[in-house]
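All residue numbers in this chain count up from 1 along the given sequence.
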Amino acid sequence: MPTLFLDGRWTSASAGGTREVVNPYDRSLVRTVDEGEETDAHAAVRAARRAFDHGQWRGWTARRRARLLRRVAELLQRDRAEIARLETLDTGKTLVEGGIDVDDVTGVFEYYAARAESDPGRLVDAGNPAVRSRVLYEPVGVCALIAPWNYPLLQMSWKVAPALAAGNTMVLKPSELTPLTTVKLVELVAEAGAPPGVVNLVLGSGATVGAALVDSPEVDLVSFTGGLDTGRAIMSAAARTVKKVALELGGKNPNIVFADADFEAAVDYALLAVFFHAGQVCSAGTRLVVEESVHERFVAELVARAERIRLGNGLDPDTESGPLVSAEHREKVESYVDIGVAEGARLLTGGRRPDDPALAQGFFYLPTVFDGCRSDMRVVQEETFGPILSVERFSDAESAVRIGNDTTYGLAAGVWTGDARKAEYVARGLRHGTVWINDFGPYLPQAEWGGFKRSGVGRELGRAGLAEYQEAKHIYENTAVEPQRWFAR
Ligand code: NDP
C-alpha cells in the first residue's frame, strides 16, 4: 500500500522514491515506505488549502468535529495492540511503552473532543448596553505538523487532535526514521470520517519535505517538535512568510533530591527519569542534583540498579530498555561520553556499548552515570538524548534552585522532599514548564506542556494547546447606531 496521503487518497511519491524503515533492535527491514520530495509537499499543501478554503470542513460544527475526534479515540483503542507493535518495531521501545503511548493519545483525542464542544467563544462587556461584543476562536488555516522519532505517535497526536478540534486542515511530516504509526494514525482519521484534504501525509526528509512545508506561503502555522538547531532553522525560515510557529525543543531537566526525600522512591524514579526509552525523551531527568548529605549513598544505590537494567528486544516481555534509534544517534551519544570524560566528569558506570553478542546488531548503549559534574560542563548543559546521567550536589534549597535553573533550557524538573514548604519553594523558583513534586514524568491532556527559555515557544495540551491552533476574532456590533458627527458638523 502506498504511504503518502494526499487529498483523501493513498499515493506513491511522485518521483518514485522509497525508503527502508529498519528495526533498531537488529537492523532488520520492517517496511519499505514512500519517500516524498518537495513536489509532494506542495501537492499536500494545495490539498489542505483547498479543503480549508473551499471544502465542506469549514461548515462542520464543533460538535461534529468532536464526534470525529471521539471516533479516532475509539479506533486507536480498537487497534491498540497493532499500533504498540508498530511503535516497538520502529523505535525500539518496549511493547508496554508503546501501549502506554496509545492509551495516552486516546486520552488526548478525548480531551480535545470535549474542549471543541465547550469552547464557543466569549462575550465581552463593552461598557455600552447597545453594543454586542464577542470574541470567537477560529481555525488558523493550513498547519504543517512536524514530529520527531522518539515518540512518533504521541507527539504527532498532540498536534493533530487540537488542530482538528479547532477546525484546521493539515499536512503531517513524521521523522523519516519512524513513520509507521503516523501512517496508521492517518488511516484511522480517514476511517473516522475526516473529509478529503483535511489531513494529508507526506513522508520524506526534513531537509526537503519539512523545509518545503515551512517555506510554503500557503501554510499558516508550523508546529514542530525536535532538536534545538532544527527549531532555530524553522523559526528563522518561518519569518519570511510570518507564519505562526509553535516549537517544542527538548530540555536538560534537573531532578532535585533532598536528604529528607523517600529514599527508595527517589532512587527508583531517578532511574526511570533518565533511562526510560534509553534517555530519548525530551523531558528525561538527565541532571540529577542531590543534597550533599545523602549524595554518596544515593549514587551508589542508583549505579547498582542501573547496572541491572535488562537491555533487549522491545517485543520481549523481559526487556526493560530497548536500543537507541539509529547508528548515527548512537554516535552522537557516544561523543557526549567522550566530552564528559574530557571535561573531568567521573564515569561510574556504562560509557560503552554492551558486550552481549545478542545485542550486537542493535544500536544499544549501556546506562551511563557521571558523578562530580558541574553546571558549566557540556555534558550537563547539552541535550545528549541518550542514557547518560550527570550528577551534581547541592547544599540547601536556594542552591538547588540556582543549579536547577542553570541551563538554557526550561522544559521540566523534579523535586523530591518530605517537606511540603521546601517543595513549594523549589517548584516556584524553578523556571521550567512542568515541575513534578515527588514524581517524575507524568503529563495530563488537560495541563499545558512546553518550555521556558530555549525549550521552545508556545504550549501543547491543555487550553493553551488548543489556542495555538486558533485565531481570536473580535466581533463588535453596535445595535443602536446613530450618526456621530465627528467631522464637518
Ligand atoms: P530533528 O530536529 O532534526 O528532527 C525533527 C523533525 O524535524 C523530523 O521530522 C525531521 O525530519 C524534521 N526536520 C529536520 N530538518 C528540518 C527542516 N529544516 N525543516 C523542517 N523540518 C525539518 O531531530 P533529529 O532527529 O535530527 O534529532 C536531533 C536532536 O534533536 C536529537 O539528538 C535530540 O537531541 C533532539 N530531539 C529532541 C526531541 C524533542 O522531543 N524535543 C525529539 C527528537 C530529537 P527528518 O528527521 O525526517 O529528516
Side-chain angles (χ1 to χ4, degrees), residues 250-276 278-281 283-309 321 333-352 365-409 411-417 426 430 432 435-436 438-441:
K252 196 68 194 180
N253 313 290
N255 185 19
I256 298 169
V257 180
F258 283 89
D260 62 4
D262 178 327
F263 186 86
E264 280 280 304
V267 171
D268 197 61
Y269 275 77
L271 283 165
L272 191 67
V274 62
F275 297 129
F276 193 76
Q280 303 167 113
V281 183
S283 54
T286 48
R287 292 182 70 189
L288 180 64
V289 188
V290 192
E291 190 163 3
E292 270 163 4
S293 58
V294 75
H295 163 267
E296 209 161 307
R297 190 173 141 235
F298 196 93
V299 172
E301 176 69 15
L302 187 113
V303 167
R305 286 189 56 185
E307 288 176 347
R308 297 204 302 272
I309 292 176
S321 182
V333 170
E334 286 174 324
S335 77
Y336 271 106
V337 172
D338 295 342
I339 289 168
V341 169
E343 287 175 316
R346 211 148 30 88
L347 183 62
L348 298 184
T349 189
R352 60 185 175 83
Y365 201 76
L366 288 176
T368 297
V369 179
F370 277 117
D371 198 7
C373 295
R374 296 182 317 271
S375 294
D376 62 352
M377 291 176 168
R378 281 183 64 195
V379 74
V380 175
Q381 285 295 330
E382 296 175 20
E383 198 178 38
T384 66
F385 229 62
I388 304 179
L389 180 68
S390 65
V391 187
E392 296 160 87
R393 303 170 184 223
F394 72 90
S395 52
D396 54 21
E398 200 185 330
S399 61
V401 171
R402 195 180 61 248
I403 294 169
N405 283 335
D406 192 1
T407 163
T408 51
Y409 288 105
L411 186 62
V415 51
W416 292 83
T417 171
V426 175
L430 288 171
H432 292 265
V435 179
W436 294 289
N438 295 328
D439 210 318
F440 206 102

Q: Side-chain contact test, heavy atoms from C-beta onward, threshold under 4.5 Å: evaluate it for D262 versus N438 and give yes or no.
A: no

Q.
Treating K252 as the side-chain partner and V379 as the backbone partner, does any N or O pair qualify as donor plus acceptor under 3.5 Å?
A. yes

Q: Carefully, step by step, assess V274 and L288 under the rule side chain to side chain contact (heavy atoms under 4.5 Å, CB included).
A: CA-CA 9 Å; V274 62; L288 180 64; over 6 Å; no

**Q.** L348 side chain reached by R346 side chain, heavy atoms, under 4.5 Å
**A.** yes

Q) So do the side chains of F385 and V333 get within less than 4.5 Å of each other, counting heavy atoms only? A) no

Q | Nearest non-hydrogen partners of T286 and L389, listed with the distance | A | O-CD1, 3.4 Å

Q.
So which atom in F275 and which in I388 form the shortest heavy-atom distance, rounded to 0.1 Å?
A. CE2-N, 4.5 Å

Q: Ignoring hydrogens and angles, state whether a donor on the side chain of D260 or T417 is under 3.5 Å from an acceptor on the partner side chain.
A: yes

Q: Return each pair, listed once, that meets salt bridge (charged side-chain N to carboxylate O under 4.0 Å, His left out) where at least one residue sits in residues 373-395; pairs must be two or more places apart or across chains.
A: R287-E392, R374-D376, R378-E382

Q | Within-4.5 Å side-chain heavy-atom neighbours: L272 and F440 | A | no

Q.
For Y365, does the six-membered ring have the charged nitrogen or CZ of R352 within the cation-pi criterion, i.e. under 6.0 angstrom from the centroid and within 45° of the normal?
A. no

Q.
I'd like to know if the side chain of T368 reaches the main chain of L366, judged simply by a donor and an acceptor atom lying under 3.5 Å from each other, with no hydrogens or angles considered.
A. yes

Q.
Checking V426 against I256 for the side chain to side chain contact (heavy atoms under 4.5 Å, CB included) test, could you report, in this order, the C-alpha distance in whole Å, the side-chain angles of both residues, the deciding distance, and whether it holds?
A. CA-CA 9 Å; V426 175; I256 298 169; 4.1 Å; yes

Q. So, do V289 and V257 sit near enough that their side-chain heavy atoms are less than 4.5 Å apart?
A. no

Q. Roughly how far, to the nearest 0.5 Å, is CZ of F276 from OG of S283?
A. 10.0 Å

Q: With rounding to the nearest 0.5 Å, note down the distance linking CD1 in I403 to CG in L430.
A: 11.0 Å

Q. Do H432 side-chain atoms and P254 backbone N/O form a donor-acceptor pair below 3.5 Å?
A. no

Q: Report the C-alpha separation of V369 and V391 in whole Å, then their side-chain angles, then the decisive distance to 0.1 Å, and conclude whether the side chain to side chain contact (heavy atoms under 4.5 Å, CB included) test is met.
A: CA-CA 8 Å; V369 179; V391 187; 4.0 Å; yes

Q) How about F258 and F394: are their ring centres within less than 6.0 Å of each other? A) yes

Q.
For W416 and Y269, take the angle between the two ring planes, folded into 0 to 90°, and tell me which bin it lands in: parallel under 30, tilted 30 to 60, perpendicular over 60.
A. tilted

Q) For N255 and W436, does a side-chain donor sit closer than 3.5 Å to a side-chain acceptor? A) no

Q. Between S335 and D338, does any side-chain donor sit less than 3.5 Å from a side-chain acceptor?
A. no

(Q) Which heavy atom of V380 sits nearest to which heavy atom of S375, and what is that distance? (A) CG1-CA, 4.0 Å

Q | Pair Q381-T407, side chain to side chain contact (heavy atoms under 4.5 Å, CB included): steps then yes or no | A | CA-CA 6 Å; Q381 285 295 330; T407 163; 4.0 Å; yes

Q. Mind checking what makes salt bridge (Lys or Arg N to Asp or Glu O under 4.0 Å) contact with E292, not counting sequence neighbours?
A. none

(Q) Are the side chains of F370 and M377 in contact, using a 4.5 Å heavy-atom criterion? (A) no

**Q.** Nearest heavy-atom neighbours spanning P367 and I309
**A.** CG-CD1, 4.0 Å

Q: Measure from the side-chain N and O atoms of E291 to the backbone N and O of A259, and report whether any donor-acceptor pair falls under 3.5 Å.
A: yes

Please list, one pair per line, the donor and acceptor atoms closer than 3.5 Å that link side chains of residues 300-307 to other protein atoms, with sequence neighbours excluded.
{"unit_1": "R305", "atom_1": "NH1", "unit_2": "D268", "atom_2": "OD1", "d": "3.1"}
{"unit_1": "R305", "atom_1": "NH2", "unit_2": "D268", "atom_2": "OD1", "d": "2.6"}
{"unit_1": "E307", "atom_1": "OE2", "unit_2": "T349", "atom_2": "OG1", "d": "2.7"}

